[in-house]
A.B. asks: 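Structure in structure tokens, see below.
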Amino acid sequence: EWVKAVDDEHNRFVDSDAWVAKPLKEVPPGAKIIDSTWAMKKKSNGDLRARCNARGFQQIEGEHYDADSCTAPVVNIITVRIVLTLIYMGKLYAHLMDVNGAFMLGEWEKGREVFMEVPQGFEKFYLANMVLKLLKPLYGTKQAAKRFWLVLMRVFLMMKHKYNRADPCLYFLWSELGLVIWIS
């Protein structure tokens with residue numbers, strides 16, 4: 001069953017165009033190749049979940065990332081309290097959402113090349129002496145959270161939401177139904 005969970009994770013990456021396999025000889029000379037680790041758990045519903053994570057601590061500043069590309073804003077706790085108070089006082093509706101594969105929606109900065117060894121369990125899908133050129137910042141990479149936040153911000157702006165200057169993780173829109181608030 002765990003082998004199936006690992007295969008499902010591989011299929012998620014392939015379906016998301018997360019990487020392209022390259023012969024090791026095509027990696028630029030001197031480029032650092034990072035590896036990965038697995039986080040596996042049995043979910044409360046009994047499903048087995050295998051998540052492949054890049055080992056971002058192996059990334060090299062200047063080659064794989066720049067210092068300012070590593071942090072994404074997180075909603076302020078005061079914003080959360082204000083929104084919860086508005087929901088309670090206004091007897092409003094609230095909904096919690098999750099974005100499946102959120103970090104795989106982001107994209108690298110232009111010109112960024114990150115290579116990863118073929119993860120344990122994925123060897124059967126690739127020839128020997130292959131590496132994976134990451135096309136997306138996978139879970140575990142230093143930029144993953146910020147790259148997803150930039151995608152999220154673009155989506156909210158496309159939907160005509162404004163963001164709060166005091167908290168960049170609060171988006172709002174006045175519609176014919178009233179005030180719509182999102183926090184991330």
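If you read the sequence from its start, that first residue is 1, and numbering goes on from there. Computed over heavy atoms, backbone and side chain alike; hydrogens, waters and symmetry mates excluded.
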A.B. asks: Please tabulate, one pair per line, all N/O donor-acceptor pairs under 3.5 Å involving side-chain atoms of residues 27-37, not counting sequence neighbours.
C.D. replies:
residue: Asp35; atom: OD1; partner: Gln58; partner atom: NE2; Å: 2.9

A.B. asks: Can I get a per-line list of side-chain donor-acceptor pairs under 3.5 Å for residues 168-180, giving both atom names and the distance, sequence neighbours left out?
C.D. replies:
residue: Tyr171; atom: OH; partner: Trp149; partner atom: NE1; Å: 3.2
residue: Tyr171; atom: OH; partner: Pro168; partner atom: O; Å: 3.3
residue: Ser175; atom: OG; partner: Leu177; partner atom: N; Å: 3.2
residue: Ser175; atom: OG; partner: Gly178; partner atom: O; Å: 3.2

A.B. asks: What are the two closest non-hydrogen atoms of Phe122 and Tyr126, and how far apart are they?
C.D. replies: O-CD1, 3.2 Å
A.B. asks: Just how far is it from atom CZ of Arg49 to atom CH2 of Trp2, taken to the nearest 0.5 Å?
C.D. replies: 10.0 Å
A.B. asks: State, yes or no, whether a side-chain contact exists between Met116 and Val114 at a heavy-atom distance under 4.5 Å.
C.D. replies: no
A.B. asks: Are any non-hydrogen side-chain atoms of Val6 and Met40 less than 4.5 angstrom apart?
C.D. replies: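 A side-chain contact exists here, since the closest heavy-atom pair is under 4.5 Å.
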A.B. asks: Let's go through Phe13 and Leu132 carefully: what are the C-alpha distance in whole Å and the side-chain angles of both, what is the deciding distance for side-chain contact (heavy atoms from CB on, under 4.5 Å) to 0.1 Å, and is it a yes or a no?
C.D. replies: CA-CA 11 Å; Phe13 285 128; Leu132 305 175; over 6 Å; no
A.B. asks: For the atom pair NZ (Lys160) and NZ (Lys162), what is the distance rounded to the nearest 0.5 Å?
C.D. replies: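 Interatomic distance, Lys160 NZ to Lys162 NZ, rounded to 0.5 Å: 11.5 Å.
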A.B. asks: Looking at side-chain heavy atoms only, is the closest gap between Asp7 and Lys124 below 4.5 Å?
C.D. replies: yes
A.B. asks: I'd like to know if the side chain of Lys146 and the backbone of Asp68 have a donor-acceptor N/O pair within less than 3.5 Å.
C.D. replies: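 Here the side-chain-to-backbone pair exists.
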A.B. asks: Treating Ile, Leu, Val, Met, Phe, Trp and Tyr as nodes and any side-chain heavy-atom pair under 4.5 angstrom as an edge, say whether Ile183 and Val74 lie in one connected cluster.
C.D. replies: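 Different clusters: Ile183 never reaches Val74 through Ile, Leu, Val, Met, Phe, Trp or Tyr contacts under 4.5 Å.
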A.B. asks: What residues form a ring pair (Phe, Tyr, Trp, His ring centres under 6.0 Å) with Phe103, not counting sequence neighbours?
C.D. replies: Tyr139
A.B. asks: Working to the nearest 0.5 Å, report the span between CG of Leu24 and CG of Leu127.
C.D. replies: 13.0 Å
A.B. asks: So does Gln120 have more than 12 non-hydrogen atoms from other groups sitting under 6.0 Å from CD?
C.D. replies: no
A.B. asks: Hydrophobic cluster membership, with links at side-chain heavy-atom distances under 4.5 Å among I/L/V/M/F/W/Y: are Leu150 and Met159 in one?
C.D. replies: yes
A.B. asks: For Phe156, does the CZ atom have more than 12 heavy-atom neighbours from other residues, nucleotides or ligands under 6.0 Å away?
C.D. replies: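 Buried by this count: over 12 neighbours within 6.0 Å.
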A.B. asks: Please tell me whether Phe57 and Phe115 are part of a single hydrophobic cluster in this structure, the criterion being side-chain heavy atoms less than 4.5 Å apart.
C.D. replies: no
A.B. asks: Considering non-hydrogen atoms only, spot the tightest contact between Cys70 and Tyr65 and give its length.
C.D. replies: SG-CD1, 3.2 Å
A.B. asks: Determine, using the 4.5 Å side-chain heavy-atom cutoff (strictly less than), whether Val75 and Val99 are members of one ILVMFWY cluster.
C.D. replies: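 No, Val75 does not connect to Val99 through the hydrophobic network.
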A.B. asks: What is the ring orientation for His95 with Tyr93, classed by angle as parallel under 30°, tilted 30 to 60°, or perpendicular over 60°?
C.D. replies: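 It falls in the parallel class, under 30°.
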A.B. asks: Would you call Glu9-Arg12 a salt bridge at under 4.0 Å N-O?
C.D. replies: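 Yes, charged N to carboxylate O under 4.0 Å.
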A.B. asks: Does Asp167 offer a backbone N or O that forms a donor-acceptor pair with the side chain of Asn164 under 3.5 Å?
C.D. replies: yes
A.B. asks: Parallel, tilted or perpendicular: which one describes the rings of His10 and Trp19, with boundaries at 30° and 60°?
C.D. replies: tilted
A.B. asks: Return the minimal non-hydrogen interatomic distance between Met104 and Ala18, and the atom names on each side.
C.D. replies: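 Between these two residues, the closest heavy atoms are SD-CB, 4.1 Å.
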A.B. asks: Could you check Val151 against Arg154 for side-chain contact (heavy atoms from CB on, under 4.5 Å), going step by step and ending with a plain yes or no?
C.D. replies: CA-CA 5 Å; Val151 169; Arg154 263 196 325 268; 3.5 Å; yes
A.B. asks: Tell me whether Glu26 at atom CD has more than 12 heavy atoms from other residues, nucleotides or ligands lying less than 6.0 Å away.
C.D. replies: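 Yes, the 6.0 Å shell around CD holds more than 12 heavy atoms from other groups.
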A.B. asks: CE of Met97 to OG of Ser184: how many Å apart, nearest 0.5 Å?
C.D. replies: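 Here the interatomic distance stands at 11.5 Å.
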A.B. asks: Would you please test Gln143 and Arg112 for side-chain contact (heavy atoms from CB on, under 4.5 Å) and show each step?
C.D. replies: CA-CA 11 Å; Gln143 305 95 313; Arg112 187 72 62 198; 4.2 Å; yes
A.B. asks: Measure the spacing between CE of Met130 and NZ of Lys25 and express it to the nearest 0.5 Å.
C.D. replies: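 Interatomic distance, Met130 CE to Lys25 NZ, rounded to 0.5 Å: 10.0 Å.
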A.B. asks: State whether the number of non-hydrogen atoms from other residues, nucleotides or ligands found under 6.0 Å of Ile77 atom CD1 is greater than 12.
C.D. replies: yes
A.B. asks: If hydrophobic clusters are built by linking Ile, Leu, Val, Met, Phe, Trp and Tyr wherever their side-chain heavy atoms come under 4.5 Å apart, do Val14 and Leu134 end up in the same one?
C.D. replies: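 Same cluster.
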A.B. asks: Please work out which of the three classes, parallel, tilted or perpendicular, describes the rings of Trp182 and His161, given edges at 30° and 60°.
C.D. replies: perpendicular
A.B. asks: Rounded to the nearest 0.5 Å, what's the gap from NZ on Lys136 to CH2 on Trp108? Could you check?
C.D. replies: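 Spacing of NZ (Lys136) from CH2 (Trp108) equals 11.5 Å.
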A.B. asks: Assess the residue pair His64 and Thr141 against the criterion (side-chain contact (heavy atoms from CB on, under 4.5 Å)); give the C-alpha distance rounded to whole Å, side-chain angles, the decisive distance to 0.1 Å, and a yes or no.
C.D. replies: CA-CA 9 Å; His64 297 127; Thr141 57; over 6 Å; no
